[in-house]
> 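I'd like to ask you about the structure that follows.
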Number of protein chains: 2
Amino acid sequence: MSQDGAGVDLDKSLGYLLKEVSSALRTAMEEVLRPLGMNVTRYSCLELLAQRPGLSNSELARGAFVTRQSMNVLLQALEREGYVTRPAEAPVGKVLPTRLTPLGRQSLEKATVAVRSVEVRMLSGLTETEQAGTFRNLRRMIDSLREGSEGS
Amino acid sequence: MSQDGAGVDLDKSLGYLLKEVSSALRTAMEEVLRPLGMNVTRYSCLELLAQRPGLSNSELARGAFVTRQSMNVLLQALEREGYVTRPAEAPVGKVLPTRLTPLGRQSLEKATVAVRSVEVRMLSGLTETEQAGTFRNLRRMIDSLREGSEGS
DNA sequence: TGACTCATGTCAGGATTCTGACATAGATTG
DNA sequence: CAATCTATGTCAGAATCCTGACATGAGTCA
């Protein structure tokens, strides 16, 4: 049924290909994360906290590409399960700095191994130079997209 | 608050960058599509039908990276609004081949212009050679990811 | 021919996410 | 110092999407 006969235009669209890669990567990550009782958003949140301790809810949301509201319910779950801690009262302003607990750090380690294996597999067909070039080009694309629609 | 001081590891992850580009691209597309009363999934569906007329619900779902169920409700809406047509009964098997109406084709044309402008902007900082190289590398990544987790 | 497998369309239910809105704290500006 | 603006955390509601399940039709194979 899936005859990719005529070379259609979508096959030449970088935007479509980007979505394809992103989708495949997410699927692969979910697969290796599921046995660990984790998903991509959870992992992203933990990884962000490991690299930048004390991040606020809003900052975590931006880093994981979800809304503040969604990240908040995730953080409540992570806090309830003992993976992260937040002070009961904001030390300054309304920002509640979040930190990983030893349990959270331990859980993240396993997940990081799994995720890294996926990324290694994804890049297995590319040389170091090709990886660097792709990285640079993707970064340029982001910059071009952002400068086009500056909100304020 | 957003001090990107220490060069953290996420800044070097191609997977994270991929998600960043994909997110920025989707946001940009939604922005230019909204004034036309359309969204990315709708556009993807119409574009797929323009390039491969007669596609089934399941095939459209795979092409737009959603489930059959989600695509079905979208198709019902598109059919109700007169953008696509489906035979009342399946000519063969259970597959209902979907086709664009003149109205659907007309609506797609405007959307295509808008979307293409976004893609052009995204690629404005890259030479033809760099675009081709990125395309080739992304395709390799997909292949590597897929061969890792072959279902059956 | 009959059993088996696979894919499709569809229904119901639940889970997840987002949009909209509010009060509050800090920064900015006159 | 007072007014304004921006950003944060949070609440409620709605919209979206997915998971699970079912019956049906086509292809395969003994």
Side-chain angles (χ1 to χ4, degrees), chain A residues 1-3 19 22-23 26-27 29-31 33-34 37-45 48 52 54-80 84-99 150-152, chain B residues 1-3 19 22-23 26-27 29-31 33-34 37-45 48 52 54-80 84-99 150-152:
Chain A
M1 54 212 68
S2 65
Q3 72 277 12
K19 191 166 183 176
S22 187
S23 173
R26 186 180 187 91
T27 300
M29 284 177 67
E30 297 282 6
E31 277 177 9
L33 251 25
R34 191 173 310 124
M38 209 175 294
N39 59 34
V40 171
T41 309
R42 256 175 116 89
Y43 163 75
S44 301
C45 179
L48 283 165
R52 308 189 192 178
L55 242 43
S56 72
N57 176 32
S58 290
E59 292 169 322
L60 287 170
R62 279 192 293 270
F65 306 100
V66 296
T67 60
R68 293 174 291 171
Q69 293 85 338
S70 297
M71 180 54 71
N72 197 29
V73 307
L74 173 57
L75 278 183
Q76 286 174 2
L78 287 174
E79 194 173 10
R80 185 178 346 110
V84 305
T85 53
R86 281 192 294 183
E89 296 177 1
V92 55
K94 303 185 67 178
V95 176
L96 293 176
T98 312
R99 291 185 178 278
E150 293 280 82
S152 53
Chain B
M1 54 214 67
S2 65
Q3 72 275 14
K19 190 166 183 176
S22 187
S23 174
R26 185 180 188 91
T27 299
M29 285 178 66
E30 297 282 7
E31 276 177 9
L33 250 25
R34 192 173 310 124
M38 209 175 293
N39 61 34
V40 172
T41 309
R42 257 174 115 89
Y43 162 75
S44 301
C45 179
L48 283 165
R52 309 188 192 177
L55 241 43
S56 73
N57 176 30
S58 291
E59 291 169 321
L60 286 169
R62 279 191 292 268
F65 306 100
V66 295
T67 60
R68 292 173 291 171
Q69 294 86 338
S70 296
M71 181 53 72
N72 195 30
V73 307
L74 173 57
L75 278 182
Q76 287 173 2
L78 287 174
E79 193 173 12
R80 186 177 346 110
V84 304
T85 52
R86 280 192 294 182
E89 296 176 2
V92 53
K94 302 187 66 177
V95 177
L96 293 176
T98 312
R99 291 185 178 278
E150 293 280 83
S152 53

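In the text below, chain A, chain B and the rest are named by the order of the sequence lines, each starting its count at 1. Only this structure's heavy atoms are used, side chains among them; waters, hydrogens and symmetry mates stay out. Since we're looking at a predicted model, the values are computed, not measured.
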> Rounding to an integer number of Å, can you tell me how far N57(B) CG sits from dT10(C) C1'?
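Distance, rounded to whole Å: 9 Å.
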> In whole angstrom, what separates L96(A)'s CG from dA7(D)'s P?
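Between P of dA7(D) and CG of L96(A): 18 Å.
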> Between atom CD in Q76(A) and atom P in dC11(D), what is the gap in whole Å?
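Rounded to whole Å, this separation is 7 Å.
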> Kindly list each side-chain donor-acceptor pair under 3.5 angstrom involving residues 68-75 of chain A, sequence neighbours excluded, with atom names and distances?
{"unit_1": "S70(A)", "atom_1": "OG", "unit_2": "T67(A)", "atom_2": "OG1", "d": "3.1"}

> dT8(C) phosphate, OP1 or OP2: any side-chain N/O from R62(B) under 4.0 angstrom?
yes
> If you round to the nearest 0.5 Å, how far is NZ of K19(B) from CZ of R26(B)?
12.5 Å
> Send over the distance from E30(B) CD to dA15(D) P, rounded to a whole Å.
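Computing the E30(B):CD to dA15(D):P distance gives 17 Å.
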> Grab the CZ-P distance between R68(A) and dA7(D) for me, whole Å please.
10 Å
> Polar-atom pairs under 3.5 Å, protein N or O versus N or O of nucleotides 12-17 of chain C: list them with distances, or write none.
none

> Identify the two heavy atoms, one from S44(A) and one from A64(A), that lie closest to each other, and give their separation to 0.1 Å.
CB-CB, 4.2 Å
> Do the side chains of R86(A) and Q76(A) get nearer than 4.5 Å, heavy atoms only?
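Yes, close enough: below the 4.5 Å cut-off.
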> Once rounded to the nearest 0.5 Å, what's the spacing between atom CG of L48(A) and atom CZ of R62(A)?
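Between atom CG of L48(A) and atom CZ of R62(A) there are 11.5 Å.
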> Among dG9(D), dT10(C), dT24(D), which nucleotide has an atom closest to any side-chain atom of K94(B)?
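Selected nucleotide: dT24(D).
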> Taking T98(A) as the fixed residue, which of N57(A), V84(A), T85(A), L78(A) is the one that meets the side chain to side chain contact (heavy atoms under 4.5 Å, CB included) rule?
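The passing option is V84(A).
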> Quick one: is dG9(D) close enough that its OP1 or OP2 comes under 4.0 Å of any side-chain N or O from N72(A)?
no
> Give a yes or no answer on whether the side chain of T27(A) reaches the backbone of S23(A) with a donor-acceptor pair at less than 3.5 Å.
yes
> Report the end-to-end axis angle of the helix from dT1(C)-dA30(D) to dG30(C)-dC1(D); each axis comes from five terminal pairs, and the value is rounded to 10°.
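The two end axes of the helix from dT1(C)-dA30(D) to dG30(C)-dC1(D) meet at 40°.
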> Please report the distance, rounded to the nearest Å, between CE in M71(B) and C1' in dC18(D).
14 Å
> Output, in order, the C-alpha distance, side-chain angles, deciding distance and verdict of side chain to side chain contact (heavy atoms under 4.5 Å, CB included) for L33(B) and R42(B).
CA-CA 10 Å; L33(B) 250 25; R42(B) 257 174 115 89; over 6 Å; no
> Just how far, in rounded Å, is P of dA15(D) from CG of L74(B)?
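Rounded to whole Å, this separation is 17 Å.
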> What is the distance, to the nearest angstrom, from the CG atom on L55(B) to the C1' atom on dA7(C)?
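It works out to 15 Å between those atoms.
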> If each of F65(A) and V95(B) is mapped to the nucleotide of DNA chain C with the nearest heavy atom, which maps nearer the 5' terminus, i.e. the 5' end?
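Its nearest nucleotide being more 5', the pick is V95(B).
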